[in-house]
Amino acid sequence: MWRYTLRRLLQAIPVFIGTTLLIYLLVFALPGDPIQAMAGDKPVPPNVIHVLRERYNLNDPLLVQYGKYMWGLIVHGDLGENYDGQKVSDMLTGRWEVTEKLAVTAWLFELVLGVALGVWAGLRRGKLADTLVLGGTTLLIAVPVFVVGYTAQILFGVHWKIFPSAGVDDGWPYSYLLPGMVLGSFGLSYVARLTRTSLAENLRADYVRTARAKGLSRTRVVVRHGLRTSLIPVVTYLGVDFGSLMGGAIVTEGIFNLPGVGQQVFQSIQLKEGPVVVGAVTLLVLVFILVNLAVDLVYGLLDPRIRYD
């Protein structure tokens, strides 16, 4: 397993470089002058613009800018500065914690409730429970997240006052429960459907029939032999989706006024602060790579037939 892990880490290096290069080129190739954007409608002396562009390497070709950025990141662990001279890492520290708590809450919501609903429907395929799960998950997939968010905020936060309607004043997990459920509602639908389909298929497999013929209890057959291997596609989706939750929380953070990375990225795009956008997305790329590696390692624990060579 150690050799496999090392090989995957080495394979992740060109993926990381290629992804960050693409992001860097897309962000800094956008039209408009970020230095002028800082001043808004006020005129800026040409000599000031020249000095600031030299300071932030904006006069260099894009590939040279990217090379300097990667050198600072790899050698010094430096994500750069915004155009006000603030460290990007300092700007993202507190916000990263908020987004991380929100993503973990949504991810746990998907995992626990999604797998439970999937097992419930998979064991009752073709019955009322199966129809309810399929219909409910289809509805969640069809409704946009901002509609779910505003509706949940008005009902559960304003009218019924079950959860805080905005902000993080009540801490984790209470302040994050409602936005976490909203953010995880889309993924919950896919987790439930994947679990239901995979479990229903595996329960008809030969090794499950053999386990039943040996006289094992129904619970042991379902949990140990059916559900264990059925979770492989679910784990794959949950691993990829965790990175998506970290990066796709902009709408949810905006609805519930959460000061997270998504809100910071949205503000930075409006202000044309490329270093902040690139720094935040670079961290998200690292999360994707590490989570995908962890998912591959979990496969061997779920299915003993999988071996790492």
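When reading the values below, keep in mind they use all heavy atoms of this one structure, side chains included, and skip hydrogens, waters and symmetry mates.
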Any chance you could measure [X], atom [atom1], to [Y], atom [atom2], to the nearest 0.5 Å?
| X | Y | atom1 | atom2 | value |
| --- | --- | --- | --- | --- |
| Leu111 | Asp241 | CG | CG | 11.0 Å |
| Thr197 | Leu134 | OG1 | CG | 7.5 Å |
| Leu245 | Trp107 | CG | CH2 | 10.0 Å |
| Glu97 | Trp172 | CD | CH2 | 11.5 Å |
| Leu10 | Arg7 | CG | CZ | 9.5 Å |
| Leu183 | Thr105 | CG | OG1 | 9.5 Å |

>> Please determine whether the number of non-hydrogen atoms from other residues, nucleotides or ligands lying under 6.0 Å from atom CZ of Phe266 exceeds 12.
In response: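 Result for CZ/Phe266: open.
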>> Looking at Trp96, I want to see if its CH2 is surrounded by more than 12 non-hydrogen atoms of other residues, nucleotides or ligands under 6.0 Å.
In response: yes
Is [Y] close to [X] at the side-chain level, that is, under 4.5 Å between some pair of heavy atoms?
| X | Y | answer |
| --- | --- | --- |
| Val98 | Leu102 | no |
| Tyr69 | Thr282 | yes |
| Asp78 | Leu73 | no |

>> Within the 3.5 Å criterion, strictly below it, is a donor on Thr20 or Tyr66 matched to an acceptor on the partner's side chain?
In response: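 There is such a pair (donor and acceptor under 3.5 Å, judged by atom type) between the side chains of Thr20 and Tyr66.
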Got a donor-acceptor contact below 3.5 angstrom from the [X] side chain to the [Y] backbone?
| X | Y | result |
| --- | --- | --- |
| Thr99 | Val261 | yes |
| Arg196 | Trp120 | no |
| Glu253 | Gln263 | yes |
| Ser198 | Leu194 | no |
| Ser185 | Val182 | yes |
| Gln153 | Ile255 | yes |
| Ser175 | Asp170 | yes |

Are [Y] and [X] linked, directly or through intermediate hydrophobic residues, by side-chain heavy-atom contacts shorter than 4.5 Å (ILVMFWY only)?
| X | Y | result |
| --- | --- | --- |
| Leu290 | Leu92 | no |
| Val143 | Met181 | yes |
| Val115 | Val112 | no |
| Ile74 | Leu63 | yes |

>> Test ring-ring contact (aromatic ring centres under 6.0 Å, His included) on Tyr150 and Phe146; report intermediate values, then the result.
In response: CA-CA 6 Å; Tyr150 281 120; Phe146 64 88; 7.2 Å; no
>> Working note: Val119 + Leu199, criterion side-chain contact (heavy atoms from CB on, under 4.5 Å); need CA distance, chi angles, decisive distance, verdict.
In response: CA-CA 7 Å; Val119 171; Leu199 179 62; 4.1 Å; yes
> How far apart are the C-alpha atoms of Phe156 and Thr151, what are their side-chain angles, what is the distance that settles it, and do they pass the side-chain contact (heavy atoms from CB on, under 4.5 Å) test?
Replying inline: CA-CA 8 Å; Phe156 296 101; Thr151 303; over 6 Å; no
> After noting the C-alpha distance and the side-chain angles of Val287 and Phe242, does the key distance pass the side-chain contact (heavy atoms from CB on, under 4.5 Å) rule?
Replying inline: CA-CA 8 Å; Val287 171; Phe242 184 77; 4.0 Å; yes
>> Determine whether Arg193 and Ile141 satisfy the following criterion, side-chain contact (heavy atoms from CB on, under 4.5 Å), listing intermediate values before the conclusion.
In response: CA-CA 11 Å; Arg193 284 170 167 267; Ile141 293 173; 4.2 Å; yes
